Colleague: 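Dropping the structure in here first, questions after.
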Amino acid sequence: MAQWEKLRQLPAVYTQQLHDLYDRDALPMDVRHYLAAWIEKQDWQRAVQDHDWAMVLFQALLENLDIQHSRFVQQESFLLQHNIKRYKHNFQRYLDEPRALANTILWFLQKEKEILQSADLAEQVQFLQVEPEAMEISSQQDLERKLAGIRNEVQCMEHAILCLEEQQDEFDFKYQTYKMEAVADEATKEKQMKHCQILINRLDEGRKKMLSDINKLLDKTDSVIDILVKKELIEWQRRQQKACIGAPDNVCLDQLENWFTCVAECLFQVREFLSKLEELVGKVSYANDPVKAQKPALQKRADTLLKDLLKSSFVVETQPSMPQGKGPLVLRTNVQFSVKTRLLVKFPELNHSMKVNVSMDREAPQIKGYRRFNVLGTTTKALNMAESQSGSMVADFRHLTLKEQKCGSGGKGASDISLSVTEELHIIYFNTVFELKGLSVELQTSSLPVVIISNSSQQQSAWASVLWFNLISQDTKDVMFFATCPAATWPQFGEMLSWQFLAATKRGLNNAQLEMIAHKVFGKRQNYDDCKVAWSKFSKENLPDTFWVWFDAILVMVKTYLEDLWRDGHIMGFVSKGKEKTLLKKKQRGTFLLRFSESVTGGITFSWVETSITGEPDIKTVQPFTKVDLCQIPFQEIIRNFQILEAGNIPENPLLYLYPNIPKDEAFGKYYSEKSGEGSPYIKYIKTKLMFVSKENTLEARSPMYSDMAQGEGLEPVNGLCGEAAEQNGDLHPLNSPLEIYPDPMLSSSVDAPEEDLQMYLNNPNLFTDCLQDEPTLSDFSLHSFNCLPPQSCGSIFQ
């Protein structure tokens, strides 16, 4: 089955992801849909690298759009003609750089595959969660049965009121006839009177039954609204809170919208039934008429239930977020953000008629120094069905900004509670008015508390506050949460940490990894379930690196440089040095594992098994690699080419088997760059390769560009290496790795320049630079790495 067809058949939660993906103009969904077969057959990967091929596909795309336009002309589809013509015009901007278009389409196709993979994974996980899933389905099925019963009763009532109207018409006709006829026979007159009495009694019973049925229906509706508002909606709001901080929870509103709309429609019909009864009473009434006695109370109850339902039906579907933010709910002054509201009762006749207004901090606390903000931009929008792929009533605010109000002397308040900028919580409010069939209801909803920053350097700390609030608090208007911030239990805390990796890389943390983190936070214990983590321990302690800074640096490093390796489970990651030694000492020589550094922020290292002189296993570790290293050489290439200089300066790669016993090339082979040839990004010009090398007979350590890093950390290089600094680092084994340039032994035959000429270039950088002017194939990276070594080191590497 074609990829696009598979995507269209996914459950609602994944089709919503697809709608969000194509919620932009880079590749319109219409183009993707109508040209799906053609798009999926093309080699876009080749087009990204080949300008001529990209131009061929670009021209073919325009021709296909022309063909599609002609079809719409034949179908007399005016709107689709206009859209396709506009899309073709927009694509013209790629005329000079068709590879950019190819790269865009390739990106969309890859994101589609990720959605399909997520759906497949979720389907597999369902088999592991049979009982909870079954309970959830049972609860929903029970609610569906109740709603079906209400709909059925409303239909029966609709028929009953028609019958009641016919009965009333019959009585009215007979009674008017009786009054108009001049019948002399008293017996006949009495007989007619008795018949009218029977009809009025039947009419009275019909009215009483109708009123009783309405009352029972309102009882059932009240029960369903209670479930919807106090259970289903509250659970959805909690799921949304957790989803904002990475939880894989379903926050699709389509099901809730169906339920809310169903109940609202039924209540509006009840109001029509009551109006009809009042109309009937206006035509025919009598002593002790039950409609006159009961209708006002039933009308008030129906209106109250409907208003309560409507007030709960206005929600924030997508919480405020910046496009370039770390996550939702962190906003920066003078930077645009978006937010989407939704009305869960879907009445097409209200399309574009309900205006939504945005405001800020209506109930802001009176705290000294508490900031106030104005919302700028398009602050009024109509709820409409055009901005939602499912035809729901939404108002999508995409261009809002915040500007701080100037408070003169800094703002005076009644309280002296001290909150940092990233602990201040603010709420954005949305107001509208629902008006339909004589009913007018003011509706208000609000965002989850947001943290407002003025500088990007505050974003990490602000995101920590968002994590903590939404992890613990279920009071979504508690802007004073951080004044008396509660602690988190370890089960809560560990799950939240796992969500961060799951959201960023689609692979969370396993129990062993979480246990190591618990050990780091609480120390050695048998059970961590009763342990609690304080907010100050998580992010607020006045230390160079709080727990969150350490953890987030690892997360950023994995997302940026190691995502594939992490997702495939090749990185053990969170494992202590003691546990590492326990695992490795039982393994054969050359077995290694990858773990995150406990002391170097944002660092990853590997340890491997060597055999000591006595034959005992000896565990050795390199200095952690940071983004400074990984942005120069991919980690898989570091592992692939890492070497030890043993006695006689004979290089050897000690990394043979990824723990527990997977051959290195089998584990990492698919990530390697090309093995040889001009296409390799690490083999340029003089057939050299960048690699990390350690000297077995020294206790010295160095990473790429280490002299720069050492100066930043207050370390002084010793003889071009980092002597005592390596041993002082508690995370390091005294064996580490400088970056050097070595000839690739597999390519030595292709080196045209004799050794003496190479030495000449190395000793005279000007000659080397002059040579490069005629040979532009040498990459900037190779040149930079080449020049960063001392001349004497460069002179020795070819010996």
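All values derive from a computational prediction rather than experimental measurement.
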Colleague: How about Val533 and Phe522: do any of their side-chain heavy atoms sit closer than 4.5 Å?
Modeller: yes
Colleague: Quick check: does any side chain N or O of Asn455 sit under 3.5 Å from a backbone N or O of Gln458, one acting as donor and the other as acceptor?
Modeller: no
Colleague: So which atom in Thr422 and which in Ala462 form the shortest heavy-atom distance, rounded to 0.1 Å?
Modeller: CG2-N, 3.8 Å
Colleague: On a heavy-atom basis, which atom in Val521 and which in Lys537 lie closest, and how many Å separate them?
Modeller: O-CE, 4.1 Å
Colleague: Taking the side chain as everything from C-beta on, heavy atoms only, tell me whether Gln110 gets closer than 4.5 Å to Leu106.
Modeller: yes
Colleague: Counting distance only, does the side-chain N/O of Trp490 pair as donor-acceptor with the main-chain N or O of Ala518 below 3.5 Å?
Modeller: no
Colleague: At what distance, to the nearest 0.5 angstrom, does CG of Leu656 lie from CG of Asn661?
Modeller: 12.5 Å
Colleague: Of the non-hydrogen atoms in Arg332 and Met322, which two are nearest, and what is the gap between them?
Modeller: N-SD, 3.3 Å
Colleague: I'd like to check Lys242 versus Trp499 (side-chain heavy atoms, cut-off strictly below 4.5 Å). Are they in contact?
Modeller: yes
Colleague: Judged by atom type as modelled, is there a donor-acceptor pair below 3.5 Å linking the side chain of Arg595 to the main-chain atoms of Phe574?
Modeller: no
Colleague: Do you know the tightest heavy-atom contact between Leu658 and Ala667?
Modeller: CD2-CB, 3.8 Å
Colleague: Within the distance-only criterion (no hydrogens, no angle test), does the side chain of Asp249 pair as donor or acceptor with the backbone N or O of Ala243 below 3.5 angstrom?
Modeller: no
Colleague: Check whether any side-chain N or O of Trp566 sits under 3.5 Å from a backbone N or O of Arg507 as a donor-acceptor pair, and report yes or no.
Modeller: yes
Colleague: Can a donor-acceptor pair be found between the side chains of Gln643 and Glu652 at a distance below 3.5 Å?
Modeller: no
Colleague: If only atom types and distance count, is the side chain of Thr505 paired as donor or acceptor with the main-chain N or O of Leu502 below 3.5 Å?
Modeller: no
Colleague: Do the rings of Phe493 and Trp468 sit parallel, tilted or perpendicular, given the 30° and 60° boundaries?
Modeller: perpendicular
Colleague: Less than 4.5 Å apart, any side-chain heavy atom of Leu565 and any of Val558?
Modeller: no
Colleague: Once side chain to side chain contact (heavy atoms under 4.5 Å, CB included) is applied, do any residues pair with Lys627, and if so which ones, sequence neighbours excluded?
Modeller: Tyr561
Colleague: Just by modelled atom types, is the Ile472 backbone N or O under 3.5 Å from a matching donor or acceptor in the Gln492 side chain?
Modeller: no
Colleague: Does Pro663 offer a backbone N or O that forms a donor-acceptor pair with the side chain of Glu666 under 3.5 Å?
Modeller: no
Colleague: Within the 4.5 Å heavy-atom criterion, are Phe635 and Phe625 side-chain neighbours or not?
Modeller: yes
Colleague: From the options Phe501, Trp463, Phe538, Phe596, select the one residue that forms a ring-ring contact (aromatic ring centres under 6.0 Å, His included) with Phe551.
Modeller: Phe501
Colleague: For the backbone of Met496 and the side chain of Gln500, can you confirm whether one donor and one acceptor N or O come within less than 3.5 Å of each other?
Modeller: yes
Colleague: State, to 0.1 Å, how close Ser473 and Arg238 come at their nearest heavy-atom pair, and which atoms those are.
Modeller: O-NH1, 3.6 Å
Colleague: Give a yes-or-no answer on whether the side chains of Tyr659 and Glu580 include a donor-acceptor pair shorter than 3.5 Å.
Modeller: no
Colleague: Would you say Tyr657 and Ile662 make side-chain contact, with heavy atoms under 4.5 Å?
Modeller: no
Colleague: For Glu637 and Ser673, indicate whether the former's side chain and the latter's backbone hold a donor-acceptor pair under 3.5 Å.
Modeller: yes
Colleague: So do Leu471 and Ile245 actually touch side chain to side chain, heavy atoms under 4.5 Å?
Modeller: yes
Colleague: Heavy-atom count check: over 12 atoms from other residues, nucleotides or ligands less than 6.0 Å from Lys520 NZ?
Modeller: yes
